[in-house]
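Note that the numbering runs from 1 along the sequence shown for the chain.
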Amino acid sequence: MKNLFDLNGKVVVMTGACGVLGATIVKYFAAEGCKVVLLDLERAREIGEKIVGEIKADGGEAMFLATNVLDEAVLEQNRQDIVKAYGTIDILLNGAGGNMGPANVTPEQTIFDMDIDATRKVFELNIIGAILPTKAFARTMVENKKGAIVNFCSMSSYRPLTRVCGYGMAKSALASWTQWLAGEMALKFGEGIRVNAIAPGFLLTNQNRSLLTNPDGSLTERSHKIIGHTPFGRFLEPDELVGALHYLVSDASKGVTGTVVPVDGGFNSFSI
């Protein structure tokens, strides 16, 4: 019987690939025999090239390309460079995203203190920053009549979380867009192109470290609340995301589209 989880030779493209999560994910897929393409900002080139070097040292195939997920022309050039190097694009992981402090509403603030410019930028990064790469790279999938797209949602895609107002709205919109796009791609281009998302729980990353830890490394009050609402009783580790991603991009999930899979240690399902 065919190994439904076999990904050997697949070309995986990931945006936002040079962060803590991205590095773990691309290294995993490279170890599974995939050719991985790391897409990130030019300022991340040194980190990206380091990750590529580590993958190649372990016998894998990888390349770094500078990109801008908000620039269609740059993304189209990325697509052409990838197809020239590897012949096709099989899997797209829309990992680019994030938050910025001014888009939050702190306990000392109210709605009247919301920074609309910052909120707009968070929306653009998390929504348009997934739509434009999909428009670019899905063209190759349509030509092949096969491909898998995975967006990166959040616990705030399910319910509002305090403080992260702009980010929460953006990630809930991304979950909705994932479901809409799944139907759109299947109806217009066939069942071979699937669109899903994962919703990671709480992990310590470079982006949220200042929110979840104090300068001395101890946990903040917010961290204690999060862990108290997580049945696992801890933060997740980056490598705990890769199993769900592997499933969603492999033929093991060929009947699955339009889903948002939580990987959260039970946070989303838990209630007191």
Side-chain angles (χ1 to χ4, degrees), residues 1-40 44 47-65 67 78-79 81-97 130 133-134 137-138 140-141 144-153 178 182 191-201 203 205 236-257 259-264:
M1 184 176 183
K2 177 185 177 183
N3 178 6
L4 297 177
F5 290 93
D6 182 21
L7 295 175
N8 191 55
K10 298 291 186 181
V11 178
V12 178
V13 177
M14 183 172 189
T15 66
C18 294
V20 173
L21 300 185
T24 298
I25 290 165
V26 294
K27 287 179 181 179
Y28 172 81
F29 282 113
E32 289 296 311
C34 299
K35 302 169 184 176
V36 297
V37 181
L38 290 69
L39 295 182
D40 216 313
I47 297 173
E49 297 290 3
K50 181 176 183 292
I51 297 169
V52 168
E54 292 170 354
I55 290 172
K56 289 183 175 180
D58 288 334
E61 280 197 69
M63 64 186 295
F64 170 85
L65 292 175
T67 196
N78 291 152
R79 186 186 74 86
D81 291 342
I82 294 165
V83 172
K84 182 178 180 180
Y86 292 141
T88 191
I89 296 170
D90 300 298
I91 295 162
L92 171 62
L93 306 177
N94 278 316
T134 299
F137 304 125
T140 300
M141 297 179 185
N144 297 336
K145 298 184 179 179
K146 186 174 177 65
I149 299 167
V150 180
N151 295 319
F152 281 64
C153 290
T178 296
E191 65 184 56
I193 301 175
R194 300 181 297 106
V195 185
N196 292 289
I198 64 167
L203 304 95
T205 67
L236 292 181
E237 297 296 331
D239 62 2
E240 292 178 307
L241 302 181
V242 297
L245 285 170
H246 190 143
Y247 166 71
L248 289 174
V249 302
S250 71
D251 284 345
S253 64
K254 65 181 180 180
V256 178
T257 197
T259 64
V260 180
V261 178
V263 186
D264 62 354

Worksheet item: Looking only at atom types and distance, does a side-chain atom of D6 sit under 3.5 Å from a main-chain N or O of N8, one as donor and one as acceptor?
Response: yes
Worksheet item: When rounded to the nearest 0.5 angstrom, what distance separates CG in N94 from OG1 in T134?
Response: 4.0 Å
Donor-acceptor pairs are to be reported for all side-chain atoms of residues 191-200 against protein atoms at under 3.5 Å, with residues two or more places apart or in another chain.
from: R194; atom 1: NH1; to: L248; atom 2: O; distance (Å): 3.3
from: R194; atom 1: NH1; to: S253; atom 2: O; distance (Å): 2.8
from: R194; atom 1: NH1; to: S253; atom 2: OG; distance (Å): 3.1
from: R194; atom 1: NH1; to: V256; atom 2: O; distance (Å): 2.9
from: R194; atom 1: NH2; to: L248; atom 2: O; distance (Å): 3.0
from: R194; atom 1: NH2; to: S250; atom 2: O; distance (Å): 3.1
from: R194; atom 1: NH2; to: S253; atom 2: OG; distance (Å): 3.2
from: N196; atom 1: OD1; to: G258; atom 2: N; distance (Å): 3.1
from: N196; atom 1: OD1; to: T259; atom 2: N; distance (Å): 2.9
from: N196; atom 1: OD1; to: T259; atom 2: OG1; distance (Å): 2.7
from: N196; atom 1: ND2; to: V256; atom 2: O; distance (Å): 3.1

Worksheet item: Do L93 and V249 have side chains that get closer than 4.5 Å, going by heavy atoms?
Response: yes
Worksheet item: Given side chains that start at C-beta, do those of F29 and I91 come closer than 4.5 Å, heavy atoms only?
Response: no
Worksheet, complete the sentence: For A17 and V26 the tightest heavy-atom approach is CB-CG1, 4.2 Å
Worksheet entry | Separation of T67 OG1 from L38 CG (nearest 0.5 Å) | 12.0 Å
Item to complete: Using the test salt bridge (Lys or Arg N to Asp or Glu O under 4.0 Å), find all partners of E240 that sit at least two apart in sequence or belong to another chain.
Response: R234
Discussion item. Taking T178's backbone N and O only, do any of them form a donor-acceptor pair with N151's side chain (distance below 3.5 Å, no angle check)?
Written reply: no
Worksheet entry | L39 side chain near V37 side chain, heavy-atom distance below 4.5 Å | yes
Worksheet entry | side chain to side chain donor-acceptor pair (under 3.5 Å) contacts touching residues 13-35 (sequence neighbours left out) | K27-E54, Y28-H246
Practice prompt. Over all heavy atoms of both residues, which pair between V52 and M63 is shortest? Give the atoms and the distance, please.
Written response: CG2-C, 3.7 Å
Discussion item. Measuring from atom CD1 of I89 to atom CZ of R79, what distance do you get when rounded to the nearest 0.5 angstrom?
Written reply: 6.5 Å
Worksheet item: Just how far is it from atom CZ of F152 to atom CG of L241, taken to the nearest 0.5 Å?
Response: 7.0 Å
Worksheet entry | Heavy-atom closest contact (I82 atom, T88 atom, distance) | CG2-O, 4.0 Å
Worksheet item: Which heavy atom of L21 sits nearest a heavy atom of P238, and at what distance?
Response: CD2-CB, 3.8 Å
Practice prompt. Measure the spacing between CG of L236 and CG of L203 and express it to the nearest 0.5 Å.
Written response: 5.0 Å
Worksheet item: Does M141 reach the side chain of I149, with side-chain heavy atoms less than 4.5 Å apart?
Response: yes
Worksheet item: Is there side-chain contact between D90 and V12, with heavy atoms separated by less than 4.5 Å?
Response: no
Worksheet item: Distance from I51 atom CD1 to C18 atom SG, nearest 0.5 Å?
Response: 4.5 Å
